[in-house]
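In what follows, a structure is listed as structure tokens, so that the remarks can point back to it.
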Amino acid sequence: MTSSGDRGWLRAMPADDGRDALFSRAGHRVYGTRRLSELVQGRPPGVTGSQWGSASRAAFDLVVCAPDTQRPVVAVTIGPVPLPGSAEQRAERLTDAVSAAVGLPVLRIGSPTLRAADHGRRVIEYVLDARAYATGGVGDEPAPVGFRDILGRLPDGRTGPVNDLGALARTAAVEAYVAGRLADPIVRGLHVSWTEGPAQGWSWVQPRLDSCLVERVSITAQRFSCGVDAARLAEDLATVAVGERLRATGPDSPDLLARVDLTAEIAALSRRRDELVGGFAFDHLCAD
């Protein structure tokens with residue numbers, strides 16, 4: 001949330017906005033695409049006219065507004081990560097710098113598969129529920145069990161984490177295995193948080209014993225808490241993306257990664273554990 005000083009720069013969504021909210025959750029109204037200039041009242045100090053002219057045209061996929069003030073709680077983008085050194089990456093960094101100057105919280109979910117139109121509502125509702133749960137403890141005490149770890153009855157009758165966003169994809173993997181489309185029914189994954197970078201989640205299944213269908217998701221949360229560990233959320237969203245890919249990918253798809261190559265990439269990641277928050281907890285995946 002922004003401080004009271006920051007709120008002076010953030011514009012409340014007008015009550016008579018012709019483009020009404022897409023949906024509401026726990027009192028928050030969630031709007032579709034908005035430019036930065038629609039969320040901010042004027043150019044902040046320290047931002048040049050050229051910088052403002054470029055950043056103000058940048059658009060966010062979704063904007064979540066507070067129940068009381070109708071000012072933005074967070075602006076969200078979901079989609080591919082810009083290539084290093086590209087014009088898109090430079091524009092994103094400039095937008096983030098201006099957003100920081102006005103105290104606008106930003107949540108960026110990077111994925112080659114997930115899109116705001118198809119997955120945005122589910123993600124936003126999940127995050128708002130997780131945030132509400134995280135602040136729902138007794139007094140100053142946090143909730144006794146993390147939102148992601150709440151156990152309950154799953155659709156297939158088993159007991160498990162009811163707030164696992166990847167649950168449907170895991171079920172789809174079992175069905176694909178039974179149908180002979182996967183060599184292994186288990187969805188595997190890992191998650192890490194870079195000290196100087198985003199949280200990342202990887203998830204994969206094996207259409208063949210020697211190949212993997214791999215999805216990677218990054219989460220950058222600036223001045224915003226997702227209510228759950230961002231790295232675990234990134235892994236769950238990578239699993240959601242695996243489920244999307246399972247619908248269209250066959251065992252001979254050119255997009256598959258050789259299992260030995262994936263193992264090598266995991267081993268390379270493990271060697272960078274000093275750059276990770278909390279180190280690397282997935283050494284068991286380094287052996288092919």
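In what follows, residues are counted from 1 in the order of the sequence shown.
Under the 4.0 Å criterion applied to side-chain N and carboxylate O atoms, Asp61 and Arg115 are not assigned as salt-bridge partners.
Separating the CD1 atom in Ile219 from the CD atom in Gln200 is a distance of 10.5 Å, to the nearest 0.5 Å. With rounding to the nearest 0.5 Å, the separation of CG in Leu233 from CZ in Phe147 is 10.5 Å. Remark: Arg188 CZ to Thr239 OG1 distance equals 12.5 Å, nearest 0.5 Å. Atoms CD and OG1, on Glu275 and Thr195 in that order, are 7.5 Å from each other to the nearest 0.5 Å. Atom-to-atom distance recorded for Ile78:CD1 and Leu107:CG is 7.5 Å, nearest 0.5 angstrom. For the atom pair Leu246 CG and Glu175 CD, the distance stands at 10.0 Å (nearest 0.5 Å).
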**Message:** Could you go through Gln70 and Tyr31, starting from their C-alpha distance and side-chain angles, then the distance that decides it, and tell me whether this counts as side-chain contact (heavy atoms from CB on, under 4.5 Å)?
**Reply:** CA-CA 11 Å; Gln70 281 301 299; Tyr31 295 86; 3.2 Å; yes
**Asked** Does the pair Arg247 and Glu244 meet the rule for a salt bridge (charged side-chain N to carboxylate O under 4.0 Å, His left out), with working shown?
**Response** CA-CA 6 Å; Arg247 298 176 184 175; Glu244 295 290 330; 3.5 Å; yes
**Message:** Set out, in order, the CA-CA distance, both residues' side-chain angles and the distance that settles side-chain contact (heavy atoms from CB on, under 4.5 Å) for Val277 and Trp194, then state yes or no.
**Reply:** CA-CA 6 Å; Val277 178; Trp194 294 95; over 6 Å; no
**Request:** Show the numbers, then the answer: is there a side chain to side chain donor-acceptor pair (under 3.5 Å) between Ser56 and Ser37?
**Result:** CA-CA 5 Å; Ser56 64; Ser37 60; 5.0 Å; no
**Request:** Quick one: do Trp204 and Leu257 satisfy side-chain contact (heavy atoms from CB on, under 4.5 Å)? Show the steps, please.
**Result:** CA-CA 10 Å; Trp204 62 91; Leu257 182 66; over 6 Å; no
**Request:** Go through Asp236 and Arg170 one step at a time and tell me if the salt bridge (charged side-chain N to carboxylate O under 4.0 Å, His left out) criterion holds.
**Result:** CA-CA 10 Å; Asp236 283 348; Arg170 299 180 205 283; 3.8 Å; yes
**Worked check of side-chain contact (heavy atoms from CB on, under 4.5 Å) between Gln206 and Leu182** = CA-CA 6 Å; Gln206 293 179 236; Leu182 289 181; 6.0 Å; no
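Considering all non-hydrogen atoms of both residues, Leu22 and Arg121 come closest at O-NH1, 4.5 Å. Contact between Ala59 and Thr77 at its shortest, heavy atoms only, is O-CG2, 4.2 Å. Heavy atoms only, all atoms of each residue included: Thr263 and Ala287 are closest at CG2-C, 4.0 Å. Minimum heavy-atom separation, Ala234 to Gly201: CB-N, 3.4 Å. Of all non-hydrogen atoms in Pro45 and Trp9, the two that sit nearest each other are CD-CZ2, 3.2 Å. Counting all heavy atoms, side chain and backbone alike, Glu235 lies closest to Leu190 at OE1-C, 3.3 Å.
Remark: of the listed residues His119, Arg216, Arg245, Glu215, Glu215 is the sole one forming a side chain to side chain donor-acceptor pair (under 3.5 Å) with Thr113. With Phe280 as the fixed residue, the side chain to side chain contact (heavy atoms under 4.5 Å, CB included) test singles out one of Ile266, Leu285, Asp274: Ile266. When the options Thr220, Thr95, Asp96 are evaluated for a side chain to side chain donor-acceptor pair (under 3.5 Å) with Arg108, the one that passes is Asp96.
In the hydrophobic clustering of this structure, Leu10 groups with Val47; members are Ile, Leu, Val, Met, Phe, Trp, Tyr whose side-chain heavy atoms approach within less than 4.5 Å, directly or through other members. In the hydrophobic cluster analysis, where Ile, Leu, Val, Met, Phe, Trp and Tyr join through side-chain heavy atoms closer than 4.5 angstrom, Val64 is grouped together with Val228. Residues Val145 and Tyr126 share a hydrophobic cluster, clusters being chains of Ile/Leu/Val/Met/Phe/Trp/Tyr side chains in contact below 4.5 Å. Hydrophobic clustering (side-chain heavy atoms under 4.5 Å, transitive across Ile, Leu, Val, Met, Phe, Trp, Tyr) groups Phe224 together with Ile109. Using a 4.5 Å cut-off between side-chain heavy atoms of Ile, Leu, Val, Met, Phe, Trp and Tyr, with links allowed through other members, Ile150 and Leu128 fall into the same hydrophobic cluster.
Within 6.0 Å of the CZ atom in Arg93, the count of heavy atoms belonging to other residues, nucleotides or ligands does not exceed 12.
Residues Leu151 and Pro161 meet the side-chain proximity criterion, which asks for heavy atoms closer than 4.5 Å. Using a 4.5 Å heavy-atom threshold, the side chains of Arg122 and Leu165 count as touching. Residues Val192 and Trp202 are not in side-chain contact: their nearest non-hydrogen atoms beyond the backbone lie 4.5 Å or more apart. Looking at Phe60 and Leu36, their side chains come closer than 4.5 Å, going by heavy atoms from C-beta outward. Taking the side chain as every heavy atom from C-beta outward, Val123 and Leu62 never approach each other to under 4.5 Å. A 4.5 Å side-chain heavy-atom check between Val102 and Arg11 finds every atom pair outside the cut-off. In this structure the side chain of Ser218 reaches within 4.5 angstrom of the side chain of Val81, judged on heavy atoms. Side-chain contact between Arg232 and Asp149 is present, with at least one heavy-atom pair separated by less than 4.5 Å.
Using a distance-only test at 3.5 Å, with no hydrogens or angles considered, a donor-acceptor pair links the side chain of Arg223 to the main chain of Leu104. Side chain of Thr135 to backbone of Ala132: a donor-acceptor contact under 3.5 angstrom is found. Remark: the backbone N or O of Ile186 is not paired with any side-chain donor or acceptor of Tyr177 at under 3.5 angstrom. Without hydrogens or angle criteria, Glu92 side chain to Glu88 main chain gives no donor-acceptor distance under 3.5 Å. Side chain of Arg90 to main chain of Gly85: a donor-acceptor pair is present (N/O by atom type, distance under 3.5 Å, no hydrogens or angles). Put simply, the side chain of Arg272 never gets that close to the backbone of Ala268: no donor and acceptor are under 3.5 Å apart. When atom types are taken as modelled, the side chain of Ser24 and the backbone of Arg29 share no donor-acceptor pair closer than 3.5 angstrom.
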